[in-house]
Q: 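Quick one: structure below, then a few questions.
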Amino acid sequence: MSSSAYIVEAVRTAGGRRNGKLSAWHPADLAGEVLNAVVERSGIDPATVEDVILGCVTQAGEQSFAFARNAVLASNLPETVPAVTIDRQCGSSQQAVQFAAQAIMSGTQDIVIAGGAESMTRVPMFSNLSLHQKAGIGIGPVSERIKARYGVEEFSQFVGAEMIASKYGFDRMALDQYALQSHRRAAAAAQSGGFSREIVPLSVTTPSGVISHEQDEGIRFDATIESISAVKLLKEGGVISAANASQICDGASAALIVSERALHRYGLTPLARIHTFLVTAGDPVIMLEEPIRATRLALQRAGMRIEDIDLYEVNEAFAPVPLAWLQSLHADPEKLNVNGGAIALGHPLGSSGTKLMATLVHALRARGKRYGLQTMCEGGGIANVTIYEAL
């Protein structure tokens, strides 16, 4: 690799619940706020940004029509800054980081913003499919040829989550206990100011006036194993419930990624270096298991062992995903999602990659640790892995 890519800033909004505090925010404006934040906090001239790469999964309605470009137009960046929207499902903004790193490391660009946004309230999940179905347009994304190849009528993340729980031997109690831990860790981080460095405050109008939204709305500070276990299962005889799966969430996140040349030219101080990254793909039916293989390959490429990594962020799409990852890699549960994960904090699809990265990089620095690994299960059986070195 010719040169290094450095993270100068990494920020996110506090998550908003469905129809919650961020529901009045247009997603382009939400994304515009995190673009503003990385520019303001780093002190760079906004005109020096060479590209904006934003992840967004449900590119419909308010998130359609060149969403990343609209985010730039809703920000303080000049209109001369280009932008592109990408969809690698839940890994969209983690992929945005990797694409930005590739641009920096190839020497073709020096300053790129990577990020993502998703308003799951205003652009509901699957609405880019369901509205066509209701209108009787097309047969959907899975062609007859694909159905024949895999012997299924559709690919379902919910089915995949149940398959993983069954394959790795997790019962409902194990999943619910993991969910409780997510809420407890997130609550502890929120109460101790563990998220304060990464969160961009947003103004929100409430019945009692304008407030600053700075705390993730999904955290249940009073969660108990009884309250989690009382939530109805998604299918009879299964183990997955809404309480041991990620929460629907509105949010945006962004990172400023620069070259060594830009660090010196503009006097920037990096938070971390992007050490190693890759993306892999596997079985689209079980779908959510690929982070295990991808992590092994990333560690191999980095010349590292799992013991060399100080903290891990494994997206909590469903509780069996991080649990199967831990079990397969013989990883240390005390290093995993130390500030809670998507079960407590929410999973704003296209934003989650840079959201997890912001949490991981700031957690490494707060703890005086060096290496962090982030991975994400993604629709279609894809997984991204990124290893960061805190500086």
Q: Looking at E153 and K147, does any basic side-chain N land under 4.0 Å from a carboxylate oxygen?
A: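 Salt bridge between E153 and K147, a charged N being under 4.0 Å from a carboxylate O: yes.
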Q: Ion pair present between K167 and E289, side-chain N to carboxylate O less than 4.0 angstrom?
A: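 Yes, charged N to carboxylate O under 4.0 Å.
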Q: Is any side-chain heavy atom of S4 less than 4.5 Å from a side-chain heavy atom of Y6?
A: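 Answer yes - side chains close enough.
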Q: Work out which heavy atom in N384 is nearest to a heavy atom in G91; give both atom names and the distance.
A: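 Residues N384 and G91, closest heavy atoms: OD1-O, 4.3 Å.
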Q: Do the side chains of R172 and S241 get nearer than 4.5 Å, heavy atoms only?
A: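 Counting from C-beta outward, S241 and R172 do come under 4.5 Å.
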Q: Is the distance between the ring centroids of F155 and Y150 under 6.0 Å?
A: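 F155 vs Y150: aromatic centres under 6.0 Å.
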Q: Find out whether L288 and F318 are in side-chain contact, i.e. whether some heavy atom of one side chain is under 4.5 Å from a heavy atom of the other.
A: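 Yes, at least one pair of side-chain atoms sits under 4.5 Å.
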Q: Would you sort out whether I86 and F99 count as a side-chain contact (heavy atoms from CB on, under 4.5 Å), showing the intermediate values?
A: CA-CA 10 Å; I86 61 166; F99 280 152; 3.8 Å; yes
Q: Kindly indicate whether the side chain of Y388, heavy atoms from C-beta on, has any atom under 4.5 Å from the side chain of V97.
A: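 A side-chain contact under 4.5 Å exists here.
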Q: I would like to know whether S156 and E154 meet side chain to side chain donor-acceptor pair (under 3.5 Å); could you show each step before the answer?
A: CA-CA 6 Å; S156 164; E154 60 174 3; 5.1 Å; no
Q: Thinking salt bridges, do R149 and E144 make one under a 4.0 Å N-O criterion?
A: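 No.
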Q: Assess whether atom CZ of R69 is packed by more than 12 heavy atoms of other residues, nucleotides or ligands within 6.0 Å.
A: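 It does: R69 CZ has more than 12 such atoms within range.
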Q: Could you go step by step and tell me if F277 and V385 meet the side-chain contact (heavy atoms from CB on, under 4.5 Å) rule?
A: CA-CA 6 Å; F277 54 88; V385 178; over 6 Å; no
Q: Determine whether N128 and Q59 satisfy the following criterion, side chain to side chain donor-acceptor pair (under 3.5 Å), listing intermediate values before the conclusion.
A: CA-CA 7 Å; N128 52 348; Q59 293 180 36; over 6 Å; no
Q: Would you call R370 and D310 a salt bridge, taking side-chain N to carboxylate O under 4.0 Å as the test?
A: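 No, no charged N to carboxylate O under 4.0 Å.
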Q: Is the CZ atom of R18 crowded by more than 12 outside heavy atoms at less than 6.0 Å?
A: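 No.
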Q: Can R12 be said to sit on top of F195's aromatic six-ring, NZ or CZ under 6.0 Å from centre and within 45° of the ring axis?
A: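 Relative to the ring axis of F195, which defines the angle, R12 lies inside both limits.
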Q: Check whether any side-chain N or O of S92 sits under 3.5 Å from a backbone N or O of G55 as a donor-acceptor pair, and report yes or no.
A: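 No; judged by distance alone, with no hydrogens or angles, the pair does not exist.
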Q: What do you reckon, is NZ of K369 surrounded by more than 12 foreign heavy atoms closer than 6.0 Å?
A: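 It does not: K369 NZ has 12 such atoms or fewer within range.
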Q: Any donor-acceptor pair under 3.5 Å linking the side-chain atoms of N315 with those of E313?
A: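 No, no side-chain donor-acceptor pair sits under 3.5 Å.
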Q: So do the side chains of V210 and V204 get within less than 4.5 Å of each other, counting heavy atoms only?
A: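 They are not in contact (no side-chain heavy atoms under 4.5 Å apart), so the answer is no.
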Q: Please check if the side chain of E316 supplies one atom and the backbone of I343 the other of a donor-acceptor pair under 3.5 Å.
A: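 Here the side-chain-to-backbone pair exists.
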Q: Applying side chain to side chain donor-acceptor pair (under 3.5 Å) to T121 and D250, what does each step give before you reach the verdict?
A: CA-CA 7 Å; T121 298; D250 303 335; 2.7 Å; yes
Q: Specify the closest pair of heavy atoms between C90 and C377, including all atoms of both residues, with the distance to one decimal.
A: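 Shortest heavy-atom separation between C90 and C377 comes out as CB-O, 3.6 Å.
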